[in-house]
Amino acid sequence: MEDLWRMVHAERAALINDLKDLDDEQWEQPSLCGEWTVHDVVAHLVDTARTTRIGFVVGLARARFDFDRQNANGVLRERGDSPQETLERLGQVASPPGSHASGLRRCEGACRPCSVDGSGPRRVDRRRPRSARLRAFTPPGCLRTAGGAGRPRRTGRRCADGGELMRGNRFLLRCSGHSTPAVDPAAIIRRPATVTPITCNPQLLPGRC
Amino acid sequence: MSDTTCHMSISLDGFVAGPEQSRDNPLGKRGGELHGWHIGDPRATEADKTANGWLMRPRGAYVMGRNMFGPIRGEWNEVWNGWWGPEPPYHAPVFVLTHHAREPIQMEGGTTFHFVTEGFDAAYVQALETADGNGVDIAGGASTVRQALNAGVIDELSLDIAPVLLGSGERMFDGVEAFGFEPVEVLQSPLSTHIRYRRDSAG
C-alpha cells in the first residue's frame with residue numbers, strides 16, 4: 001500500500017509538471033471527460049483530493065443524491081479564476097502532509113502508469129455524432145457537461161463504457177471511472193494528434209482500468 | 001502502519017452527530033458544525049490541513065457501523081450500497097456491523113463491503129486478518145467506536161474537538177469508563193482543536 005501511495009504521488013507530480021507549460025488556450029481544450037475542459041478536469045482532481053469521506057456524504061446530500069450535480073458543484077468550488085490558481089491548488093494536494101510520516105492521502109488511480117500501446121493510431125469515426133463519440137470515449141463515471149470553454153453549464157449522462165484510453169486532439173486525458181471524490185485519478189498526457197490507444201496496465205492499477 | 005486507528009470529530013459536550021439523523025441530514029441537526037474544518041469552511045487553516053492528513057491515511061481495512069453505512073434500518077429491503085457511489089473512497093475491505101445478514105458487495109476501486117452479524121469482535125478480527133499488517137481503522141459511528149474503545153483495540157485515537165455545544169445527538173463516550181490514551185500531538189484552529197492520542201503506555 002505504501003508503494004501504491006508513492007506511485008500516486010509521483011504521478012500527481014508528473015501531471016503537474018505536464019500541466020505547467022500549457023497556455024490559456026490549451027487549458028480550455030475539451031478533454032475526453034465529456035465536455036469538461038482540461039481546466040475543469042484539474043478542478044475536479046483538486047475537489048476529489050480534498051474531499052473527505054464525511055465531506056462526500058454531506059456533499060451528496062446537498063446535491064440531492066445526484067452524483068453529477070455533486071461533481072459539478074466540486075468543479076465550481078475548486079476551479080480557480082485562472083488555470084494557474086487551479087494548478088496551484090492541485091500542487092497543494094499533490095503530496096502527503098509533511099508533519100506526519102504515514103499521513104498519506106487518499107488513493108487515486110492515476111493513469112500515468114498506463115503504458116502506450118504501440119499498435120498504431122486509433123481512428124475516430126467522424127460519421128458518428130459527437131455525442132456518441134464522447135460517450136464511447138469517456139470512461140464510466142465522468143461527468144458530461146455542456147460547458148465548453150466556460151464552466152460546466154449543465155450536467156449530463158454518465159458514460160457507460162471505458163477502460164481504454166482513447167485518442168484526443170492534442171491531449172490524451174483519462175478521467176477516472178469514479179464519481180466519488182476520494183479517488184483522484186486522472187491524467188492528462190500530451191501526445192501528438194496521430195497517436196494512440198493507451199491501455200492501462202491492470203497490474204499497476206488493479207481494478208481500475 | 002499496522003496500528004488500529006480511529007478519527008472522530010466531536011463537540012465539546014461529547015457528541016459526534018446531532019439529533020435526528022436522516023438521509024437528507026446525515027450528520028443530524030447541527031452535526032455539520034463539527035466538520036467545518038475539513039468540509040470547506042473558509043476559516044480552515046494549515047492545522048486543519050495537517051489533521052486532514054491524519055484523517056485520510058489509507059488503511060488496510062475498516063470497521064463501520066450500520067448507521068455509518070447508511071440511513072436505512074432493519075432488513076435490507078432497499079438497494080443501498082453506502083453513501084459513496086460506485087467507487088467508495090476506502091479502497092480496502094470494509095466490515096459493516098449489522099443484525100441483518102447480506103452478501104458482500106464488491107465496489108469499484110478496491111472497496112468491498114462485508115456484512116458481519118456476529119458483533120464487533122468478529123468484525124474486528126476479520127478486518128485485522130484482511131488488513132494484512134496495513135492497519136485497521138474504526139470508521140464510526142458513535143456506537144462502533146464505543147465498542148472499539150471498550151474492547152481496547154484502538155492504538156491511535158484522533159479527536160477534532162469543535163468549540164460548539166450540540167446539547168443532544170450521538171454521544172461517543174457513554175458507557176466508556178476509562179479513557180486510556182495520552183495526547184502526543186495537538187493542533188489548533190478556530191474551527192477545531194485536533195488531538196492525536198496514543199494508547200497509554202501502561203495500557
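All chains are named by letter (A, B, ...) in the order of the sequence lines, taking the proteins before the strands, and each is independently numbered beginning at 1. This structure is a prediction, so every number in the text was calculated from the model and none was measured.
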Q.
If the contact rule is any heavy atom under 4.5 Å from chain A, which residues of residues 5-26 of chain B qualify, in numerical order?
A. B/R23, B/D24, B/P26
Do other residues, nucleotides or ligands put more than 12 heavy atoms under 6.0 Å from the [atom1] atom of [X]?
{"X": "A/Q84", "atom1": "CD", "result": "yes"}
{"X": "B/H100", "atom1": "NE2", "result": "yes"}
{"X": "B/R43", "atom1": "CZ", "result": "no"}
{"X": "B/Q106", "atom1": "CD", "result": "no"}

Please give me the minimum heavy-atom distance between [X] and [Y], naming the atom from each residue.
{"X": "A/F56", "Y": "B/W84", "value": "CE2-CA, 3.1 Å"}
{"X": "A/T51", "Y": "B/M56", "value": "O-CE, 4.4 Å"}
{"X": "A/F67", "Y": "B/G85", "value": "CZ-CA, 3.1 Å"}
{"X": "B/M68", "Y": "A/I54", "value": "CE-CG1, 4.3 Å"}

Q | Proximity breakdown for B/L27 and chain A, heavy-atom pairs closer than 4.5 Å | A | side chain
Q: Against chain A, label B/H35 side chain, backbone, both or neither, depending on which of its atoms sit under 4.5 Å from a heavy atom there.
A: side chain
Q) Can you name the side-chain hydrogen bond (donor to acceptor under 3.5 Å, both in side chains) partners of B/E182, sequence neighbours left out? A) none
**Q.** For B/E103, all residues meeting side chain to side chain contact (heavy atoms under 4.5 Å, CB included), sequence neighbours excluded
**A.** none
Q | Straight-line distance of B/K49 NZ to A/Q92 CD, nearest 0.5 Å | A | 4.5 Å
**Q.** CG-CZ distance between B/D137 and A/R53, expressed to the nearest 0.5 angstrom
**A.** 7.0 Å
Using residues 119-126 of chain B as the side-chain source, report each donor-acceptor pair under 3.5 Å to any protein atom, sequence neighbours left out, with the distance given to one decimal.
residue: B/Y124; atom: OH; partner: B/T4; partner atom: OG1; Å: 2.6

